[in-house]
Amino acid sequence: MPERVASTIAVPSEDPKNKKQDDEDKDKKEGSSKLNGEKKGDEEELSEEDTQLKSELEMLVERLSEPNTELYRPALETLRTLIRTSTSSMTSVPKPLKFLRPHYPALQKLYDAWSASEDKSLFADILSVLAMTYSDTEPRGTLRYRLLSASLLPPASNIPEPGSWGHEYVRHLAAELGEEYVLRNEGDEDVVPSPAGEAKATPVKLPGTVDDLKALAIECTTFFLRHNAEHDAVDLLFELEMVNRIAELVDAATYARVCAYMDRCVGLLVAPDDVAFLRTIHAIYLRFSKFPEALSVAIRLNDPELIRQDFNASGNPTMRRQLAFLLARAQVPLEWLQPIASEDADAEEELPADIVECLSNIRLSTHFREFGKEVGVADPKSLEDVYKSHLEGSRTGATANVDSARANLAGTFVNAFVNAGFGNDKLMVEAEEGSSWVYKNKDHGMMSATASLGLSLLWDTDIGLSHVDKYTYSSEEYIKAGALLATGLLNTGVRTEADAAIALLGEYVENKSVPLKTSAIVGLGVAYAGSHREDLLAMLLPAVADDGVSMEIAALSALTLGFVFVGSGNGEITSTILQTLMEREDKALDEKWGRFLALGLALLFVGLQDASDATLETLKAIEHPISQQAQILVEVCSYAGTGSVLRIQKLLHLCGEHLEAVKEKEESEKKKEDGGEAEKKDEAGKPNDSYQAFAVLGVALIAMGEDVGAEMSMRQFNHLMHYGDPIIRKSVPLALGLISSSNPQLPVLDTLSKYSHDSDLQVALNAIFAMGLVGAGTNNARLAQMLRQLAGYYYKEPDCLFMVRVAQGLVHMGKGTIGLNPFFSDRNVMSRTAVAGLLATITAFTDAKAFVLDRYHWMLYFLVTAMYPRFLITLDENLETSPVTVRVGQAVDTVGQAGKPRTISGFQTHQTPVRLGTMERAELATEEFIPFAHVLEGFVILQKNPGWEKEDTMQV
């Protein structure tokens, strides 16, 4: 026992503590002495070599203060050599800078005492390097002495380039250049507090003009580009507002990395910087004759002049065909490519037939069906193949309660979406005479059933029209209307010489029958989406302006014009729709169709950014609540896919704003004695909150072009779902569907699965439809399983069950070969027609009870403009299919990475044609062929690599 007591003595525990404190005090003292340059105990730590260097540097500093001017030049030259040749580890300060730091203030005074000469210029250059060690107390010292050094030199001689002092110096200089430029623009004189915290403040005024700063920036940029720091080069020029100058500085080795980095920056910039970046990228690509890359940037800019120039820039006919395929995918109007008549009378009037064929997508249907055979999905799928109801696990007697007409209607859509483009489904195209699926539907159901022919025969303009033709002679009005819509659907995205759609549908635009009239108008909209056809303008605009026609006809005419002139900013249509919004009675604008009138206006501005400002100002003058819906729609369409943070913040503000307003309104109503007045006020207030639905959708529409923004918006939607009003909660699932269409990521699927069981059936319904959008054309097994469970869960809810069936059809769209994602060309270019189709369908779901679940279920066919095969088909120079080996894997972002990193991960090797997912990328497995396209997607023309055989024989 006593031994134990003896072992617990308190003294030893205190002793080390005091020792530690002593060490700390000692360190502090040493630290302060190091800062002040009084290195007393440091001499012992320095090695012999360092001591020698230190004494040599001190001697050189002394020489500079001696009266003998002849010693100055050799001393400065030696100092420069010592600083430049010093090598140290990446993390530590070079030795000469460390030893010269204490002498910096003395050297500054010496510098000021010298008279102007070449020696003083060299002195300033050396001080510029030393100033890096004092950057915290003397801002922009490095830049100041650099500019002074340049100003002291005689005109004949040049100052050494900044790169001679090393990479760190150039980076320091670049940072200070940006800082100084901003300060000069703001016109503020920088005031620096003294390090000791004294009251004195010294204003720092740097020599040189803005042009001097820019000239120095160009030198730094050149150095960065030579030393694999492309991002630093772009950032510096951007800060000095001269990013367009980089086009002349890049070379063959650096341009690709510069463009990749600038391209990635575009989504993070505000207007007009983003357009300036795109125009610079375009100029660089053109300089290096990279025509497909340049054309894809021109399409993003939506600039007809640039598109025409790029298309005609290449003299190689095969390259022009490849460019034509790219333009056809983007649905660029053919008129943009024709030379302007007045320019040159002898200009080439007609484009060659083979180019027109590529531009018109005429062979899309043939290639798509061949692709279906190659991947083994050519055989038609029946409804049961999709539903797999034996796996649903629902009660056996449950099916008896289901409305058979509603079930058949759902079957119509499932059959249309699943067999889209193959033209061989059993229910409609290959149905036996008299037993067509059309007659298993009632009234307006017949219209959708007949129209489903157009989807099944998608892009097949020859055989398709003959199939549809027999239904146009039907005595049943709805069947005839469906046939008109089918004519429009099968012509989507395909231009033919015959121009059958306008010939067949044009005569029905003035028809007295409403179903025939609406289906003809909508048919024209989808058939000519993005074509900017002036003849349609003359045909449909009177219906928008006429106060006598119903709101339904006016709104659908406006929507069709929105589809046809998407992203054109057409002034005539804009003014007509604005006039209609101003002149129509409030009662008409209160109708459910008002939102489509506003959407028609908004689609004209897709991707035009600030070009919509004048329209927004005009909309503010309209007193009716529809004005706010229209303002939001026009603004979000203008900035669609840009990731503009300021616009998203504004929309989120609108989403949150209404909560307080509702409370205040309720309180004021309680105070009112007259109950009747309160009721009226409540009725008047109801449409007001519908603008919030579009604000939520707007967040998704703006954020979807940029990955980081899209991910951040997911969190915002989560908050909105927790705290939003019913109108907001109803719209969140639709926004999720829009932001990740045809891109089924697990977090999104789980979120939507949760919402699909919501107690509010409207939320559940929209969530089920959104599940269809997210999984569109992916055959996602997990999603298919979720939908089967939902079919069992909602077996007593006909509306929800109908929606589950439609979602199942969407997930298996084109048997897994057709996607809805509006971005293509490695998810860089946004298809404006696809955005129009998605937005029109989703707008119908903002009030599903009034549209899709009522008589207007045909609005689901608006999706057709966004439907496009997710394939890679390789062609030879004669445009015949040419199978090659490709690797397909998840796309990897390699921007700013050193060397040549792999662009795909987890790849599999396939023979073309091959299916590509939204987030997947393909690359050729060998170098046997050279592709004409910059992205392996859609139709790619290959050329035999002339150096390949030689390589092959060498290996043998």
Side-chain angles (χ1 to χ4, degrees), residues 551 555 558-559 562 577-578 580-582 584 586-606 612-613 615-640 644 646-665 681-703 713 716-717 719-721 723-735 738 762-763 766 839-851:
M551 197 62 185
L559 183 63
I577 296 178
L578 284 171
T580 306
L581 288 169
M582 286 175 183
R584 282 266 178 169
D586 282 4
K587 193 182 169 191
L589 293 175
D590 283 338
E591 282 184 43
K592 61 184 180 184
W593 291 101
R595 69 195 70 203
F596 283 106
L597 196 61
L599 181 62
L601 174 64
L603 291 178
L604 298 171
F605 295 101
V606 170
S612 62
D613 289 354
T615 307
L616 288 169
E617 288 305 314
T618 316
L619 283 169
K620 284 174 189 169
I622 300 169
E623 287 170 15
H624 191 274
I626 197 171
S627 151
Q628 201 162 8
Q629 288 183 36
Q631 280 176 50
I632 290 172
L633 276 169
V634 169
E635 191 164 10
V636 300
C637 283
S638 306
Y639 289 89
S644 171
L646 297 174
R647 298 291 172 306
I648 292 176
Q649 285 174 345
K650 191 173 166 187
L651 294 170
L652 289 171
H653 186 69
L654 286 170
C655 296
E657 186 183 62
H658 198 59
L659 297 169
E660 290 81 26
V662 167
K663 284 175 193 166
E664 286 167 17
K665 195 169 149 199
K681 193 170 180 197
D682 196 40
E683 278 172 33
K686 267 186 184 173
N688 285 353
D689 68 353
S690 58
Y691 72 85
Q692 288 187 307
F694 295 112
V696 177
L697 294 176
V699 173
L701 190 63
I702 292 172
S713 62
Q716 300 299 343
F717 292 143
H719 295 316
L720 291 174
M721 205 65 187
Y723 306 114
D725 286 357
I727 183 89
I728 289 178
R729 297 186 76 246
K730 198 169 74 173
S731 312
V732 168
L734 296 174
L738 177 61
Q762 284 185 307
V763 174
N766 286 352
L839 210 50
T841 316
I842 286 173
T843 303
F845 274 90
T846 53
D847 190 352
K849 282 261 187 289
F851 292 108

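Numbering of residues begins at 1 and proceeds along the displayed sequence. Values reported hereafter were calculated over all heavy atoms of this structure, with side chains retained and with hydrogens, waters and symmetry mates removed.
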Under the side-chain contact (heavy atoms from CB on, under 4.5 Å) test, which residues partner A693, sequence neighbours left out?
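For A693 the side-chain contact (heavy atoms from CB on, under 4.5 Å) partners, ignoring immediate neighbours, are I727, S731, T846.
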
Taken in chain and number order and not counting sequence neighbours, the residues that satisfy side-chain contact (heavy atoms from CB on, under 4.5 Å) with A695 are I632, L651, L654, C655

Looking at K730, is its backbone amide N or carbonyl O close enough to the side chain of N766 to form a donor-acceptor pair, meaning the two atoms are under 3.5 Å apart?
yes

Can you tell if the side chain of S627 reaches within under 4.5 Å of the side chain of L581, non-hydrogen atoms only?
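Contact flag for S627/L581 side chains = no.
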
Minimum side-chain heavy-atom gap V636-L697 below 4.5 Å
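No; the side chains remain at least 4.5 Å from each other.
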
Applying ring pair (Phe, Tyr, Trp, His ring centres under 6.0 Å), name anything that partners F845, two or more places apart in sequence or on another chain.
F769

When rounded to the nearest 0.5 angstrom, what is the spacing between [atom1] in [X] and [atom2] in [Y]?
| X | Y | atom1 | atom2 | result |
| --- | --- | --- | --- | --- |
| I577 | T618 | CD1 | OG1 | 13.0 Å |
| M551 | K587 | CE | NZ | 13.0 Å |
| L597 | L578 | CG | CG | 9.5 Å |
| I702 | S713 | CD1 | OG | 10.5 Å |
| L633 | Q628 | CG | CD | 11.5 Å |
| T843 | F694 | OG1 | CZ | 5.0 Å |

Quick check: closest heavy atoms across M582 and I622, and the distance to 0.1 Å?
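Minimum heavy-atom separation between M582 and I622: CG-CG1, 3.7 Å.
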
Where is the tightest heavy-atom contact between I648 and A703, given as atom of each residue plus distance?
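So the two residues come closest at CD1-CB, 3.9 Å.
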
All pairs passing salt bridge (Lys or Arg N to Asp or Glu O under 4.0 Å) where residues 622-636 contributes a residue, at least two apart
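Output for this query lists E635-R647, E635-K650.
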
For R584, give me all partners under salt bridge (charged side-chain N to carboxylate O under 4.0 Å, His left out), at least two apart in sequence or on another chain.
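Expected list: none.
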
Partners passing salt bridge (charged side-chain N to carboxylate O under 4.0 Å, His left out) against E617 (at least two apart in sequence or in another chain):
K620

Let me see the working for L839 and C637 under side chain to side chain contact (heavy atoms under 4.5 Å, CB included), right down to the final yes or no.
CA-CA 9 Å; L839 210 50; C637 283; 3.5 Å; yes

Step by step, would you call F717 with V699 a side chain to side chain contact (heavy atoms under 4.5 Å, CB included)?
CA-CA 9 Å; F717 292 143; V699 173; 4.0 Å; yes

In terms of ring plane angle, is the pair F596 and W593 parallel, tilted or perpendicular, where the classes change at 30° and 60°?
tilted

Criterion side chain to side chain contact (heavy atoms under 4.5 Å, CB included) on V763 and V732, from CA distance to verdict:
CA-CA 8 Å; V763 174; V732 168; over 6 Å; no

